[in-house]
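Only this structure's heavy atoms are used, side chains among them; waters, hydrogens and symmetry mates stay out. Throughout, a chain's letter reflects where its sequence line sits, starting with A, and its residues are numbered from 1.
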Amino acid sequence: MEINYYNKEAETMPREKMQKLQSERLREMIGRVYNNTPHYREKMDEMGLKPSDIKDINDLTKLPFTYKDDLRDTFPYGMFALPLSEVTRIHASSGTTGKQTVVGYTNADLDIWAECVARCLVGAGATKEDIVHVSYGYGLFTGGLGLNNGAEKLGASIIPVSTGNTARQIQIMQDFGSTVLCCTPSYAMYIAETMKEQKIDMNTIKLRLGLFGAEPWTEGMRDEIEKGLHISAHDIYGLSEVCGPGVACDCVYKNGLHIQEDHFIPEVIDPESGEPLPDGQVGELVFTCVTKQALPLVRYRTKDLVSITHEKCECGRTTVRMNKPTGRTDDMLIIRGVNVFPSQVESVLMRFSQIAPHYMIIVDRVNNLDVCEIVVEMSPEMFSDSVRHIEALEKELRQAIESTLNISVKVTLAEPKTIARSEGKSKRVIDKRKGAGQ
Amino acid sequence: MSIYQVSVFVENKKGRLADIAKVLADNNINIRALSIADTTNFGILRLIVDDPQKAEAALKANNFTVSLTHVIAIEIPDVAGGLLQALEVLNSENISIEYMYAFIDSTEGKAAVVMRVEDRKAAADLLDKHGFKTIEG
């Protein structure tokens, strides 16, 4: 098998050299955040930690963790290490009201991000000859522009289709000869299903590769996508706080996702104790973004559960690999690529009833698309003897939840005490999607 | 001028009506009349019983969502056109009916109509003025 690299030096660097590079970059970064980000200076001062205490990557564990709440508490720009005049791009997490996290990039940051995505594309087997069909959403979400700029960096031809209108997506694939598809794995499944239904002649489709991410998926889904679209399907991982897609991706051997560790130093820790875990053990993934200028996060807790390995891959890359995330340390759900917290549903229900009624979020995958049903136990305050009033309530609830979560939901009213409770507390979520990380 | 109707929220699930009937039977509550409004997802059971407060408490204790609703109940003659007379009275004053149901009263030759209207007092006064006897709860 022919193996290509976008940046061979960085991707195949011997361990010793990588550690030296990481150490240099870490030292430089810590000096920068200590001087420029009051939030980090305060945290480090509290711990009695000086930038000079950080000599190499073995000192990484001395540093404080950063949590999503730190970004929320300093909303929108409080964690930026540079004035806004230096920031050339803003993105925000796909989370919603009250949960949004804002991230910024300088031109240098955008360049590094694009390079990371380009490395992922090449690692998966793409070249500048490819026609890259981007069906991620373009906008505040990092998916669309992230893949776009990475493919541009590579020099491939980009079709910035964005989301929606599956019939048109397929038409564009046929007309423009798309060879690489980038979207969420559930949308890839949906496209495959639609092609089958419409009896599309697969000889008219030139796709050969796919990079899918922004939501958890399984090897079973990979298999289905590969068979349905006649492609090789790859998992691309990222989160906006770190940069967006491109933090890691699997190569042609599909044996773990290569992390771009010269830019994002990974650690796997015990989520309870915060202690580092050895290779092979599942724990919370933590990133330190050593090269980022606008938003250089120190030991950022992703809440994704993974294990990593430092073994050299058959593809020749020496970079550390992570397996597909197997779950989360919090209750966040990813539904159609959108981050959803059960507490958001609760906050909406509180507007309808003094005491939040018991509820249950049921997530399922029907015809390869995520569907979300919210079952709400009827409270005396919400009840009426009139069908009209209850139906109006059902509709109001649905609209309020949809505008908060940014996904469409079905609301079903239930009798009190019909939702199963464990230890006095309701179980909030049933995720019926296979391997959705729950 | 009005009586209490016991309104109960019922999910469209097998056996729920029997569950409610059992609660009432166990508490020695007699059902005088009932009607069900149903939609695809749920229903509202409306009951006239001999002791609405007791029925409410018993159903609540069994985790049902219950409310007591004031409704008008009137006697109408149990003959052809009996209902029409009452409806024409309400119609003449533009009083619209949200829902209604009827049952045969034990009083011989009489039927009873239970109805929910927006302005209960105006409707009751009007019916009273036209000689309809309201049933008190």
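- A:Ser162 and A:Gln169 make their closest contact through O-NE2, 2.8 Å (heavy atoms, listed as atom of the first residue, atom of the second, distance).
- Salt bridge B:Asp125/B:Lys121: present, at least one basic N to carboxylate O contact under 4.0 Å.
- The stretch residues 33-41 of chain B places B:Ala37, B:Thr39, B:Asn41 near chain A, each with some heavy atom under 4.5 Å from a heavy atom of that chain.
- With a 4.5 Å cut-off on non-hydrogen atoms, A:Thr412 does not touch chain B at all.
- Of all residues spanning residues 8-17 of chain B, those with a heavy atom less than 4.5 Å away from chain A's heavy atoms are B:Val8, B:Phe9, B:Val10, B:Glu11, B:Lys13, B:Arg16, arranged by number.
- Salt-bridge formation is not detected for the pair A:Arg433/A:Asp364: no Lys NZ or Arg NE/NH1/NH2 atom is positioned less than 4.0 Å from an Asp or Glu carboxylate oxygen.
- Annotation: side chain of B:Ile135 is in contact with side chain of B:Glu75 (closest heavy-atom distance under 4.5 Å).
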Derivation of the salt bridge (Lys or Arg N to Asp or Glu O under 4.0 Å) call for B:Lys22 and B:Asp19: CA-CA 5 Å; B:Lys22 182 159 191 332; B:Asp19 294 340; over 6 Å; no
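- Among A:Arg336, A:Glu215, A:Arg365, the one residue that satisfies the side-chain hydrogen bond (donor to acceptor under 3.5 Å, both in side chains) test with A:Ser186 is A:Glu215.
- Side-chain polar atoms of A:Thr194 and A:Thr166 form no donor-acceptor pair below 3.5 angstrom.
- The side-chain contact (heavy atoms from CB on, under 4.5 Å) test applied to A:Gln399 returns A:Lys395, not counting sequence neighbours.
- Annotation for A:Glu197: atom CD counts as buried by contact number, over 12 foreign heavy atoms lying within 6.0 Å.
- Ionic pairing of A:Glu219 and A:Arg222 is present here: one or more N-O contacts between side-chain nitrogen and carboxylate oxygen are shorter than 4.0 angstrom.
- Applying a 4.5 Å heavy-atom cutoff, the residues of residues 43-65 of chain B that approach chain A are B:Ile44, B:Arg46, B:Asn63, B:Phe64, B:Thr65.
- Between A:Arg428 and A:Asp331, no side-chain nitrogen of the basic residue sits less than 4.0 Å from a carboxylate oxygen of the acidic one, so the salt-bridge criterion is not met.
- Remark: A:Asn367 CG is loosely packed, at most 12 non-hydrogen atoms of other residues, nucleotides or ligands lying under 6.0 Å away.
- Distance CG/A:Leu393 to CZ/A:Phe383: 11.5 Å, rounded to 0.5 Å.
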